[in-house]
Amino acid sequence: MAAAGFIVTLAICLALSSSFSHAFDDNPLQDFCVAVSDTSAAVFVNGKICKNPKQVTSDDFLGTGFNIPVDTNNSLGSGFKLVDVNVIPGLNTLGLSLLRVDFAPGGVIPPHTHPRATEAVIVIEGTIYIGFVTSNPADNTKNRLYAKILKPGDIFVLPIGLVHFLRNVGKTKAMGIVAFNSQNPGTITIANAVFGTEPLISPEVLTKSFQLDKKVIQYLQSRF
């Protein structure tokens, strides 16, 4: 992928995110609030406390290595690199974080939600099947799936809080760039949240909820 194309893609991603960035994170009350990385700081705020503006440098707004592919040698065949306030302290209070996601052929990002952010996905390489599911309808009908197969240059928006997924359906590797309108979107992976909690959810609860044999539930819990 040409460097110019990568830069254009990032610019589009940033523009998409900034267009809805004020919807969820609070607006900043100053030009910037560079995050202090000191974990022993005795102040707790909704975000991170600010560095003294006189001590801020250009490096506080810089991130590197986003062009480097992420390792996908795992059971899901996918990997990601998150660029958030912990990577670029200058993102603090700006309502923005970015993600690079790489896929091996057949790789997936399993069903999950982001409780604090809407997400925009831009495909850079490969062919990605992406979709989200609506919340439970008031009339007790089935949840609706909205899904598309994306090619390079395609953009798909995933509304805040809704369950969604991605899968590389091509025969070659795939890669996308993701923008969130929050510096801390949060992630809840559905399978982990249901079958991999600490302590475990009672098998009786899950047996009744999913209408499955208890041994099946216990097997699923052992997997997560």
Are [X] and [Y] close enough that some pair of their side-chain heavy atoms sits under 4.5 Å apart?
X	Y	result
P203	K214	yes
S182	S97	no
T189	P110	yes
I88	L62	no
K48	P89	no
F224	T197	no
N52	Q55	yes
N92	Q183	yes

**OP:** Could you walk me through whether N143 and N136 pass the side-chain hydrogen bond (donor to acceptor under 3.5 Å, both in side chains) test, one step at a time?
**Re:** CA-CA 6 Å; N143 303 67; N136 296 352; 2.9 Å; yes

Shared ILVMFWY cluster between [X] and [Y], side chains joined below 4.5 angstrom?
X	Y	result
V163	I109	no
V121	L82	yes
Y146	Y129	no
F103	F80	yes
V205	V194	yes

Measure across [X] and [Y] and return the closest heavy-atom pair with its distance rounded to 0.1 Å.
X	Y	answer
G126	V123	O-CG1, 3.7 Å
K171	P105	O-CG, 3.6 Å
V108	S78	O-OG, 2.7 Å
I122	I155	CG1-CG1, 3.7 Å
P137	K142	CG-O, 3.5 Å
L76	N74	N-OD1, 3.0 Å

Subject >> Check against side-chain contact (heavy atoms from CB on, under 4.5 Å), M175 and I177 >> reply: CA-CA 7 Å; M175 190 269 280; I177 302 295; 4.0 Å; yes

So does [Y] get a backbone contact from the side chain of [X], meaning a donor-acceptor N/O pair under 3.5 Å?
X	Y	result
N73	G77	no
N181	T118	yes
T127	K151	no

I need the [X] [atom1] to [Y] [atom2] distance, nearest 0.5 Å.
X	Y	atom1	atom2	answer
I201	L206	CD1	CG	5.0 Å
I188	H112	CD1	NE2	10.5 Å
L166	I128	CG	CD1	6.0 Å
L150	I124	CG	CD1	11.5 Å
R167	I149	CZ	CD1	10.0 Å
L99	F66	CG	CZ	6.5 Å

I want to know whether [X] and [Y] have ring centres closer than 6.0 Å.
X	Y	result
F165	F132	no
F210	F195	yes
H114	F180	yes

**OP:** Let me know which of V101, N168, D102 forms a side-chain contact (heavy atoms from CB on, under 4.5 Å) with T72.
**Re:** D102

Original post:
Which one of I190, L158, T187, V133 satisfies the side-chain contact (heavy atoms from CB on, under 4.5 Å) criterion with T113?
Top reply: I190

Original post:
Taking atom NZ of K173 as the centre, does the number of heavy atoms from other residues, nucleotides or ligands within less than 6.0 Å exceed 12?
Top reply: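 No - once you tally the heavy atoms of other residues, nucleotides and ligands closer than 6.0 Å, there are 12 at most.
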
Original post:
Is the number of heavy atoms from other residues, nucleotides or ligands within 6.0 Å of OH (Y219) greater than 12?
Top reply: no

**OP:** Compute whether any side-chain donor of one residue and acceptor of the other, for D139 and T141, lie under 3.5 angstrom apart.
**Re:** yes

